[in-house]
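Only a predicted model underlies this, so the values are computations on that prediction, with no experimental measurement involved.
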Amino acid sequence: MDAALRSHIRHAARAAHRQVELRRLMVHEQLAIDLLCAPPAEQRRRIADARRVVDLWEAGQLCSQDYVERWRAWLRLPLRDLVLRMCSDSLGWGPAMRQNSPFAQLSGSKPDRKPR
(Lines give C-alpha, C1' and ligand atoms only; values in the text may rest on other atoms or scores of the structure.)
Protein backbone atom coordinates (compact mmCIF):
# COMPACT_ATOMS: atom_id res chain seq x y z
CA MET A 1 0.00 0.00 0.00
CA ASP A 2 1.47 3.32 -0.97
CA ALA A 3 1.77 6.35 1.31
CA ALA A 4 -0.98 8.31 -0.45
CA LEU A 5 -3.49 5.50 0.03
CA ARG A 6 -2.52 5.05 3.70
CA SER A 7 -2.92 8.79 4.22
CA HIS A 8 -6.35 8.74 2.55
CA ILE A 9 -7.48 5.81 4.72
CA ARG A 10 -6.31 7.54 7.92
CA HIS A 11 -8.06 10.76 6.89
CA ALA A 12 -11.30 8.87 6.15
CA ALA A 13 -11.14 7.06 9.50
CA ARG A 14 -10.63 10.33 11.40
CA ALA A 15 -13.54 11.92 9.52
CA ALA A 16 -15.79 8.97 10.35
CA HIS A 17 -14.80 9.21 14.02
CA ARG A 18 -15.59 12.94 14.06
CA GLN A 19 -19.04 12.18 12.62
CA VAL A 20 -19.71 9.63 15.38
CA GLU A 21 -18.62 12.15 18.01
CA LEU A 22 -20.84 14.82 16.47
CA ARG A 23 -23.86 12.47 16.48
CA ARG A 24 -23.25 11.68 20.14
CA LEU A 25 -23.05 15.37 20.98
CA MET A 26 -26.26 16.12 19.06
CA VAL A 27 -28.12 13.32 20.86
CA HIS A 28 -26.99 14.69 24.23
CA GLU A 29 -27.86 18.25 23.28
CA GLN A 30 -31.40 17.12 22.48
CA LEU A 31 -31.53 15.10 25.70
CA ALA A 32 -30.39 18.19 27.61
CA ILE A 33 -33.06 20.37 26.00
CA ASP A 34 -35.76 17.78 26.74
CA LEU A 35 -34.58 17.46 30.31
CA LEU A 36 -34.44 21.22 30.91
CA CYS A 37 -37.92 21.68 29.41
CA ALA A 38 -39.50 18.84 31.38
CA PRO A 39 -41.58 19.48 34.50
CA PRO A 40 -39.57 19.10 37.75
CA ALA A 41 -41.15 15.72 38.57
CA GLU A 42 -40.17 14.40 35.13
CA GLN A 43 -36.65 15.78 35.54
CA ARG A 44 -36.29 13.94 38.85
CA ARG A 45 -37.65 10.73 37.29
CA ARG A 46 -35.20 10.87 34.38
CA ILE A 47 -32.25 11.50 36.71
CA ALA A 48 -33.38 8.59 38.93
CA ASP A 49 -33.67 6.37 35.84
CA ALA A 50 -30.15 7.35 34.77
CA ARG A 51 -28.86 6.54 38.27
CA ARG A 52 -30.46 3.09 38.02
CA VAL A 53 -28.70 2.49 34.69
CA VAL A 54 -25.37 3.40 36.30
CA ASP A 55 -26.18 1.01 39.17
CA LEU A 56 -26.80 -1.75 36.62
CA TRP A 57 -23.49 -1.00 34.91
CA GLU A 58 -21.71 -1.37 38.22
CA ALA A 59 -23.57 -4.49 39.32
CA GLY A 60 -22.91 -6.21 36.00
CA GLN A 61 -19.38 -4.82 35.68
CA LEU A 62 -20.45 -3.49 32.28
CA CYS A 63 -18.07 -0.54 32.19
CA SER A 64 -15.09 0.94 33.93
CA GLN A 65 -15.52 2.08 37.52
CA ASP A 66 -14.19 5.45 36.35
CA TYR A 67 -17.37 5.96 34.31
CA VAL A 68 -19.60 4.71 37.11
CA GLU A 69 -18.04 7.13 39.61
CA ARG A 70 -17.99 10.07 37.22
CA TRP A 71 -21.61 9.56 36.12
CA ARG A 72 -22.69 9.29 39.75
CA ALA A 73 -20.94 12.58 40.49
CA TRP A 74 -22.49 14.24 37.44
CA LEU A 75 -25.97 12.96 38.34
CA ARG A 76 -25.67 14.61 41.79
CA LEU A 77 -25.09 18.02 40.21
CA PRO A 78 -27.80 20.64 39.80
CA LEU A 79 -29.56 20.04 36.47
CA ARG A 80 -28.05 23.07 34.76
CA ASP A 81 -24.52 21.92 35.65
CA LEU A 82 -25.28 18.36 34.57
CA VAL A 83 -26.46 19.36 31.10
CA LEU A 84 -23.50 21.70 30.67
CA ARG A 85 -21.14 18.81 31.38
CA MET A 86 -23.04 16.43 29.10
CA CYS A 87 -22.79 18.89 26.20
CA SER A 88 -19.23 20.13 26.64
CA ASP A 89 -15.69 18.84 26.59
CA SER A 90 -15.87 18.71 30.40
CA LEU A 91 -12.12 18.76 30.98
CA GLY A 92 -11.58 16.15 28.30
CA TRP A 93 -14.21 13.73 29.65
CA GLY A 94 -17.21 14.91 27.59
CA PRO A 95 -16.71 12.73 24.50
CA ALA A 96 -15.99 9.60 26.56
CA MET A 97 -18.96 10.21 28.84
CA ARG A 98 -21.29 10.70 25.86
CA GLN A 99 -19.99 7.42 24.44
CA ASN A 100 -20.97 5.68 27.67
CA SER A 101 -24.12 7.51 28.74
CA PRO A 102 -27.08 6.31 30.78
CA PHE A 103 -29.27 8.91 29.07
CA ALA A 104 -28.58 7.64 25.57
CA GLN A 105 -29.38 4.14 26.79
CA LEU A 106 -32.68 5.32 28.30
CA SER A 107 -33.70 7.27 25.22
CA GLY A 108 -33.23 4.26 22.99
CA SER A 109 -31.03 6.34 20.72
CA LYS A 110 -28.04 4.85 19.01
CA PRO A 111 -25.65 7.81 18.70
CA ASP A 112 -22.90 5.60 17.30
CA ARG A 113 -24.98 4.55 14.32
CA LYS A 114 -25.94 6.53 11.27
CA PRO A 115 -29.63 7.45 11.03
CA ARG A 116 -31.50 5.48 8.38
Hydrophobic cluster membership, with links at side-chain heavy-atom distances under 4.5 Å among I/L/V/M/F/W/Y: are I33 and L75 in one?
no

Note to self: When you compare the side chain of M86 with that of E29, does any pair of heavy atoms fall below 4.5 Å?
What the structure shows: no

Salt bridge R18-E21, side-chain N to carboxylate O under 4.0 Å:
no

| message | Looking at Q65, I want to see if its CD is surrounded by more than 12 non-hydrogen atoms of other residues, nucleotides or ligands under 6.0 Å. | response | yes

With hydrophobic residues grouped by side-chain heavy-atom distances under 4.5 Å, do M26 and L31 end up in a single group?
-> no

message: Less than 4.5 Å apart, side chain to side chain, heavy atoms only: is that true for I47 and L35?
response: yes

| task | May I ask you to decide if S88's main-chain N or O and R98's side chain share a donor-acceptor pair within less than 3.5 Å? | result | yes

Closest non-hydrogen atoms of S101 and H28, given as atom of the first, atom of the second and distance, are OG-NE2, 2.7 Å

For a side-chain contact (heavy atoms from CB on, under 4.5 Å) check, start with the C-alpha distance between W57 and N100, then their side-chain angles and the critical distance, and finish with the verdict. CA-CA 10 Å; W57 291 348; N100 205 13; 4.1 Å; yes

Is there a donor-acceptor pair under 3.5 Å between the side chain of W71 and the backbone N or O of A50?
no

Within the 4.5 Å heavy-atom criterion, are R51 and R72 side-chain neighbours or not? no

Audit row: V27, R24, side-chain contact (heavy atoms from CB on, under 4.5 Å) steps and yes/no = CA-CA 5 Å; V27 164; R24 288 180 188 144; 5.8 Å; no

Measure the shortest side-chain to side-chain distance between V83 and W74 over non-hydrogen atoms and say whether it is less than 4.5 angstrom. no

When rounded to the nearest 0.5 Å, the distance separating CD of Q43 from SG of C37 is 9.0 Å

Minimal heavy-atom distance between G92 and P95, with the atoms involved, is O-CD, 4.0 Å

Pairwise side-chain contact, V54 with Y67, heavy-atom cut-off 4.5 Å (strictly under):
no

Under 4.0 Å between a Lys/Arg side-chain N and an Asp/Glu carboxylate O for D49 and R46?
-> no

Rounded to the nearest 0.5 Å, the CE atom of M97 sits from the SG atom of C87 at a distance of 12.5 Å

Practice task
Give a yes/no verdict on a cation-pi contact between R85 and W93, requiring under 6.0 Å between NZ or CZ and the six-membered ring centre and an angle within 45° of the axis.
Solution key: no

Is the shortest heavy-atom distance from the side chain of F103 to the side chain of D34 under 4.5 Å? no

